Amino acid sequence: MRNKMISIVLLVALLCTAAGCARAQTNGVEFPERPIVDEPRYDGYTIVQAGGIIETIKLPDRPFEDLLGLSSAIVQGYLLDDSKQDLECVYEGDIRFILSGATISTLVVTQVYEGDLSVGDQVPFVEPYYFDDASGEEILYHEGNYMPSIPGKDYVLFMSESKAERFKGIYTSAGQEYGRYPVISWTKSLSINSMPSKELGQVATPSDMYKEYFTKVYRRYM
């Protein structure tokens with residue numbers, strides 16, 4: 001009986017190993033190590049809304065199909081922990097004034113639903129926020145209801161190329177917060193309407209339209 005149990009365990013182990021190898025051979029893609037960041041890094045910061053950071057498309061009261069039309073790529077992926085700020089500044093003496101800014105990170109594409117990207121691609125992704133502590137106070141400037149993405153976290157992203165000249169050709173979220181959705185489980189999908197704004201990467205209570213979009217995104221892409 002004991003030998004039979006050992007044989008069964010070995011068989012299961014061999015099958016699991018074979019399945020793992022099959023997946024690796026089928027996918028044929030090695031992804032960079034996923035950063036582990038449990039919480040947003042702006043806790044304790046003063047949060048200030050700023051307009052026109054990267055000239056993203058806004059979506060006031062449009063149907064979900066318009067978001068699809070505005071997106072040149074729809075993917076699932078995660079950001080590496082390599083963000084860099086791009087600031088447009090002027091100086092008066094030693095004093096710096098920030099006119100506008102954004103943050104660029106590397107997006108690792110894990111699934112492609114629409115567009116010319118491929119699984120495994122690593123592309124720059126610009127987000128409408130930046131940090132500043134020049135005044136001695138830690139401030140997060142953001143646009144719309146969009147807050148920083150969490151590195152390593154999976155998102156479904158509806159992307160368009162930024163219209164700002166200095167970010168030309170770089171992907172950004174189409175419609176600010178309306179173009180980004182955290183990947184969630186089936187259980188979590190039952191409570192989309194009550195998910196806290198922080199969990200959705202937003203500063204204020206998400207709009208009813210965002211929640212409606214999220215339900216459709218979950219059904220189609222998660």
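What you see is a predicted model, and the numbers here were worked out from it, not measured in a lab. Starting from 1, each residue takes its place in the sequence as its number.
A cation-pi contact, defined as under 6.0 Å to the ring centre and within 45° of the axis, is absent between R96 and Y91.
Residues passing the salt bridge (charged side-chain N to carboxylate O under 4.0 Å, His left out) test with E199 are K188, sequence neighbours excluded. Scored by the salt bridge (charged side-chain N to carboxylate O under 4.0 Å, His left out) test, D43 finds K198 as partners (sequence neighbours excluded).
Shown here for I184 and M222, the closest heavy-atom pair between the two residues is N-SD, 3.7 Å. The nearest pair of heavy atoms linking L70 to A174 is O-CB, 4.3 Å. In this structure, Y221 and Y113 approach most closely via the heavy-atom pair O-OH, 2.9 Å. Across A102 and V126, no two heavy atoms sit closer than the pair CB-CG2, 3.6 Å. Residues P206 and L200 approach most closely at CG-CD1, 3.3 Å, considering heavy atoms. Residues F131 and P148 approach most closely at CZ-CG, 4.4 Å, considering heavy atoms.
When atom types are taken as modelled, the side chain of R219 and the backbone of F214 share no donor-acceptor pair closer than 3.5 angstrom. Between the side chain of D86 and the backbone N or O of I104 there is no donor-acceptor pair closer than 3.5 Å. Side chain of Q122 to backbone of L107: no donor-acceptor contact under 3.5 angstrom is found. N145 places no side-chain N or O within 3.5 Å of a backbone atom of Q202 that could act as its donor or acceptor partner. Put simply, the side chain of T103 gets close to the backbone of Y129: a donor and an acceptor are under 3.5 Å apart. Under the 3.5 Å distance criterion, the side-chain polar atoms of Y155 are matched with a main-chain donor or acceptor of I150. Judged purely by atom type and a 3.5 angstrom limit, T172 has no side-chain atom pairing as donor or acceptor with the backbone of S160.
In this structure, Y130 has its ring center under 6.0 Å from that of Y141.
Side-chain contact of E127 with Y146: a donor-acceptor pair under 3.5 Å is present, judged by distance alone. For the 3.5 Å distance criterion, the side chains of E143 and Q176 qualify, holding a donor opposite an acceptor. With 3.5 Å as the limit, one finds a donor-acceptor pair spanning the side chains of T46 and E137. If you check the side chains of Y78 and S149, you find no donor sitting under 3.5 Å from an acceptor.
In this structure, CG on L117 lies 11.5 Å from CD1 on I74, to the nearest 0.5 angstrom. Remark: E161 CD to S71 OG distance equals 12.0 Å, nearest 0.5 Å.
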Checklist entry - Does the pair I47 and H142 meet the rule for a side chain to side chain contact (heavy atoms under 4.5 Å, CB included), with working shown? => result CA-CA 8 Å; I47 298 173; H142 71 99; 3.4 Å; yes
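Note: Y178 and Y210 have tilted aromatic rings, judged against thresholds of 30 and 60 degrees for the angle between ring planes.
Under a cut-off of 6.0 angstrom, the local environment of CD in E33 is sparse, with at most 12 non-hydrogen atoms contributed by other residues, nucleotides or ligands.
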